Amino acid sequence: MKRTRHFASDNYSGVCPEAWAAMAEANAGHEVSYGDDHWTQRATDLIREIFETDCEVFFVFNGTAANSLSLASLCQPYHSILCHELGHIETAECGAPEFFSNGSKILLLPGANGKIAPAAVEHAVRRRSDIHYPKPGALSLTQVTEVGTAYSVAEVKALAETAKKLGLRVQMDGARFANAVASLGVSPADITWRAGVDVLCFGGSKNGIALGEAVVFFNRELAHEFDYRCKQGGQLASKMRFLSAPWLGMLKDGAWLRHAGHSNAMARRLEAGLRDIPGVSISYPVQSNAVFAKIPPTAEEKLRDRGWHFYTGVITPEEARLMCSWDTTPEDVDAFVADLLRILG
Ligand SMILES: Cc1ncc(COP(=O)(O)O)c(C=O)c1O
């Protein structure tokens, strides 16, 4: 059966109407290139307004570049970057953070539900102080985490406090930052710079933009010459307005939070449907647009036969990862659940 929408990835979805309309508007006539255009200026100003601070903002093509280039600007090559063992920068960026930082080593921390605890940061830093150990330079937090859980303001604060005490900078991989803000109902400022985050990679594509992320430096000194890093890393868009204008469309009247809130709600609906099916179990608290579920492998096969796309093995071989998007409908969710119910009898 051919299906229009899937649960494989929030990257599977198309562009939301607000981002699309802003692109169309930006397409009228000629405009200054390489970011000196008024769309980029307005999008930057709006991000400053939303975060209630005079941050430095750069628009890049994807999350790998945002993470890698921002981490490179926080670290020297002899530094290490602490992250959760499931961290995207470790598992899914092909060594780009190490490459762009000229060798900064990623050190992995354990933690339940995809989260790092302050004690793990402390342990990783204090266990060695000799010259042979890559000097810890940065802590990278993923918000929401790779298993879809959200760090609370208090958790980010405690981690950042520990990091700062130990001399580390704090970077946040916010590929799904919108989902975190919508889920927690907090102000963007409270969960970032007021909690001690130095730089945020603010995700756009998973929220409904065609492509692109905003690198937001709250600590402006760390943005020194970041424009050159972007250019050298192939991340300075000549027609920058098409990267920046969609942000205006998303942010100006709250579409970013509406879409994230909707995808979160679809995930909760999916969780509620799956929870009652005998033989199926939910692996992690559902706090964003992701549901991880253990489904019998034969049933997974049958779901795929019925045209559903989803990944298994992102975290463990037994877990299916089901992602909801800005355009997932309640009918999509109910049809998936109904199919699984029929399959499992
Ligand atoms: C946690 C996380 N960080 C960053 C990214 C961005 O990666 P990409 O380079 O594919 O845009 C993703 C995308 O899957 C992600 O899940």
Side-chain angles (χ1 to χ4, degrees), residues 6-15 19 58-72 81-101 106 108-109 111 113-116 138-151 156 170-181 183 191-192 197 199-216 229-230 233-235 237 243 246-247 250 260 263-264 267 284 287-292 309-315 319-326:
H6 297 280
F7 292 97
S9 170
D10 32 7
N11 281 334
Y12 268 43
S13 62
V15 182
F58 301 84
F59 298 97
V60 299
F61 289 105
N62 59 34
T64 298
N67 280 333
S68 302
L69 296 174
S70 62
L71 286 165
I81 299 160
L82 275 50
C83 83
H84 192 276
E85 59 197 358
L86 298 175
H88 195 266
I89 60 168
E90 155 70 9
T91 62
E93 297 190 356
C94 197
E98 293 94 327
F99 176 77
F100 281 104
S101 59
I106 293 183
L108 302 181
L109 309 184
N113 292 330
K115 290 187 189 177
I116 299 170
L139 170 66
S140 176
L141 303 173
T142 312
Q143 178 75 309
V144 298
T145 71
E146 282 73 10
V147 299
T149 52
Y151 286 101
V156 175
V170 180
Q171 183 257 12
M172 182 172 272
D173 172 353
R176 298 184 183 87
F177 181 73
N179 296 94
V181 173
S183 167
I191 195 95
T192 54
V197 173
V199 55
L200 167 72
C201 298
F202 188 179
S205 53
K206 293 172 173 64
N207 192 208
I209 282 178
L211 75 162
E213 323 277 294
V215 183
V216 183
R229 254 185 224 288
C230 287
Q235 295 295 317
L243 278 191
W247 283 92
M250 293 298 272
S263 60
N264 291 350
Y284 310 101
Q287 295 170 347
S288 63
N289 61 330
V291 180
F292 287 81
H309 290 202
F310 56 93
Y311 290 110
T312 309
V314 176
I315 303 297
E319 282 162 338
R321 187 189 74 160
L322 303 164
M323 301 299 300
C324 296
S325 302
W326 66 270

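Ligands are counted one by one from 1 in listed order, and the atoms in each one are counted from 1 as well. This one's a predicted model, so the numbers in the text were calculated from it and none came from an experiment.
Taking the six-membered ring wherever Trp is involved, the centroid distance between the rings of F202 and F177 falls below 6.0 Å.
Here the closest heavy-atom approach between residue F292 and residue G148 is recorded as CE1-N, 4.3 Å. Across R321 and R176, no two heavy atoms sit closer than the pair NH1-NH2, 4.2 Å.
In this structure, the side chain to side chain contact (heavy atoms under 4.5 Å, CB included) partners of A150, at least two apart in sequence or on a different chain, are Q143, V144, L184, Q287.
For a heavy-atom separation below 4.0 Å, the residues in contact with ligand 1 are N62, G63, T64, N67, H88, E93, T142, E146, D173, A175, R176, K206.
Note on ring orientation: taking the six-membered ring where Trp is involved, the planes of F59 and W247 are tilted (angle from 30° to 60°).
Of the candidates C201, S68, S140, S140 is the only one forming a side-chain contact (heavy atoms from CB on, under 4.5 Å) with I89.
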